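Computed from heavy atoms alone, side chains included, the values below leave out hydrogens, waters and symmetry copies. Note that the coordinates shown come from a computational prediction; the quantities given were computed from them, not determined experimentally.
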Amino acid sequence: MGDAAEIRLQIAGTGGVADNGTSPATAAPPTMSERVRWWAVVLVNIVFLLGGQSVASFLGRIYYDQGGRSLWMATVVQSCGTPLAVPLLLYFRRRPRSTAVTRPPLLKISAIYAGLGVLLAADNLMYSYALLYLPLSTYSLICATQLSFNAVFSYFLNKEKFTALILNSVVLLTFSAALVGVSHGSDGTNSSVPEGKFPLGFALTLSASALFSLILSLMQLTFDKVLKSDTLYDVMEMQFWSNTAAAVVSVAGLFISGEWSSLDGEMDGYKKGKVAYGMTLAWTAISWQLATVGMMGLVAAVSSLFTNVISTVGLPLSPIVAVIFFGDRMDGVKVLAMLIGVWGFLSYIYQHYLDDAKVKKILAERLADDDEHQTVKLNTE
């Protein structure tokens, strides 16, 4: 992921130094093969993030609708799939790594991963409450506010630069969620949502979105300032240890709260049966791990703000899925919110198109200069 540092600086709009230690102003533009490889990695991470996030949210709503009630169990499955990352972690560990970057002290990096894990556990718990108290369609649209929170954190923590198109995207996505928040009548659904919990669910979703945005910015800050590297191994290492810490905190919460004692009865009372209960939790854990891998990969390859924008892509699609499978009411407010959200996303994507076109122009000029230099050299010989 660090092979195309100049592209990363152009697209992400961040400062810093390139992988070879040169400044952005003097770093050589990437070759075409480097650009293709970089985009391939980004696209794979996008698929992981969108696919994992959509499936996990869908299964989370099914868990509650079919009789699941353990909020801590719903929190545990969001981080307990970390063993799935072990093969990849071992594979990338064996690959030769650059010795140019000195690894930070073990105590320091352990404290960072543990701290991120605690924040992830708290964020996962709030999302578990929010998904219980809100229909999937409403929950998904409100989650789009995480982009606005991330814009603030990225500006102060990651020195993110904002163009008019990016700011327009942030404002539109904020309005999209605000429309849902002020329309209490939009929470009609056939799902088993507790009545009278809309205000609390709305507040918890906003809080979880803000904390999630902070976590993304802190991850980017760790890659840029502490690890000073964004290789696949570094991504997998952060994903594994931070989620392991989150899983430990979540399991501890499950036992301390006493919810563990009710799991047998919950399994027996699950509408689709014990096998379906286990499969729902297992596939939820797998989906969240795929989403986490994609999320951290995008943070390392591009930026936390870009990751948040990609994360919002699936949010306008969730209300459609919720209408089909859960009977959520799709009134005019939700339709308008969804359209505004799509408009905001396209605004951001267009900015990245302009940035990439600029990089292509630099690359073309560089190739032309090289050809001219070679021609002059041959003529003089």
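Residue Lys271 comes nearest to Asp65 through the heavy atom pair NZ-O, 3.2 Å, listed as atom of the first residue, atom of the second, then distance. Taking all atoms of both residues into account, the shortest heavy-atom contact from Ala121 to Thr75 is O-CG2, 3.9 Å. Here the closest non-hydrogen pair linking Ser70 and Tyr63 is N-OH, 3.3 Å. Nearest approach of Gly201 to Tyr133, heavy atoms of both residues: CA-CB, 3.9 Å. The shortest heavy-atom contact between Leu290 and Phe48 is O-CB, 3.4 Å. Nearest heavy atoms, Tyr127 versus Cys143: CE2-SG, 3.9 Å.
The hydrophobic cluster containing Leu71 does not contain Val118, counting ILVMFWY residues as joined when their side-chain heavy atoms lie under 4.5 angstrom apart, directly or transitively. Linking Ile, Leu, Val, Met, Phe, Trp and Tyr residues whenever their side-chain heavy atoms come within less than 4.5 Å places Tyr139 and Leu200 in a single cluster. Residues Phe156 and Ile215 share a hydrophobic cluster, clusters being chains of Ile/Leu/Val/Met/Phe/Trp/Tyr side chains in contact below 4.5 Å. Grouping the Ile, Leu, Val, Met, Phe, Trp and Tyr side chains by contacts below 4.5 angstrom, directly or via other members, places Phe223 with Leu106. Taken together through direct or relayed side-chain contacts under 4.5 Å among Ile, Leu, Val, Met, Phe, Trp and Tyr, Leu120 and Tyr129 form part of one hydrophobic cluster.
For Ser213 and Gln146, the side-chain atoms include no donor-acceptor pair closer than 3.5 Å. Tyr113 and Gln239 share no donor-acceptor pair across their side chains, judged by distance under 3.5 Å alone. A donor-acceptor contact closer than 3.5 angstrom links the side chains of Asn168 and Ser347. Side-chain contact check for Ser154 and Gln220: no donor-acceptor pair (N or O, by modelled atom type) lies under 3.5 Å. Remark: the Ser229 side chain and the Asp234 side chain contain an N/O donor-acceptor pair separated by less than 3.5 Å.
Residues Met73 and Ser128 are not in side-chain contact: their nearest non-hydrogen atoms beyond the backbone lie 4.5 Å or more apart. The closest side-chain heavy-atom distance from Leu218 to Leu119 is below 4.5 Å. Contact check for Leu49 versus Asn45: no side-chain heavy atoms found under the 4.5 Å cut-off. Counting only heavy atoms from C-beta outward, the side chains of Asp268 and Lys274 approach each other to under 4.5 Å. Between Leu354 and Leu165 there is a side-chain heavy-atom pair separated by less than 4.5 Å. Gln78 is not listed as a side-chain neighbour of Asn243, based on a closest heavy-atom distance of 4.5 Å or more.
Separation of atoms CE (Met238) and OG1 (Thr222) is listed at 4.5 Å; rounding is to 0.5 Å. Interatomic distance, Ser209 OG to Ile142 CD1, rounded to the nearest 0.5 Å: 8.5 Å. Note that CG of Leu157 and NZ of Lys225 are 11.0 Å apart. Values are rounded to the nearest 0.5 Å. One distance of note links CZ of Phe153 with CG of Leu211; it measures 8.0 Å at 0.5 Å rounding. For the atom pair Met295 CE and Gln53 CD, the distance stands at 10.0 Å (nearest 0.5 Å). To the nearest 0.5 Å, atoms CG (Leu134) and OG1 (Thr205) are separated by 4.5 Å.
For Leu107, the CG atom sits in a loose shell: 12 or fewer heavy atoms of surrounding residues, nucleotides or ligands are nearer than 6.0 Å. Residue Trp72 qualifies as enclosed at atom CH2: its count of foreign heavy atoms under 6.0 Å is above 12.
Side chain of Ser257 to backbone of Leu254: a donor-acceptor contact under 3.5 angstrom is found. Checked by atom type and distance alone, the side chain of Ser54 never pairs as donor or acceptor with a backbone atom of Gly51 at under 3.5 Å. Without hydrogens or angle criteria, Arg61 side chain to Pro135 main chain gives no donor-acceptor distance under 3.5 Å. Put simply, the side chain of Thr307 gets close to the backbone of Val299: a donor and an acceptor are under 3.5 Å apart.
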Item to check | Full working for side-chain contact (heavy atoms from CB on, under 4.5 Å) between Arg69 and Leu132 | outcome: CA-CA 8 Å; Arg69 280 294 177 267; Leu132 173 63; 4.1 Å; yes
Checklist entry - For Lys272 and Ile62, what are the C-alpha separation, side-chain angles and deciding distance, and is it a side-chain contact (heavy atoms from CB on, under 4.5 Å)? => result CA-CA 10 Å; Lys272 295 294 184 179; Ile62 288 179; over 6 Å; no
Item to check | Verdict with supporting geometry, Phe240 and Val86, side-chain contact (heavy atoms from CB on, under 4.5 Å) | outcome: CA-CA 8 Å; Phe240 178 80; Val86 171; 3.6 Å; yes
Next on the checklist: Between Ser250 and Leu125, is the side-chain contact (heavy atoms from CB on, under 4.5 Å) condition met? List the steps.
Outcome noted: CA-CA 8 Å; Ser250 301; Leu125 181 62; over 6 Å; no
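The aromatic rings of Phe198 and Phe202 sit parallel, their planes meeting at an angle under 30°, below the 60° perpendicular limit.
For Tyr270, the ring-ring contact (aromatic ring centres under 6.0 Å, His included) criterion is met by Tyr277, not counting sequence neighbours.
Under a 4.0 Å N-O distance rule, the pair Lys228/Asp224 does not qualify as a salt bridge.
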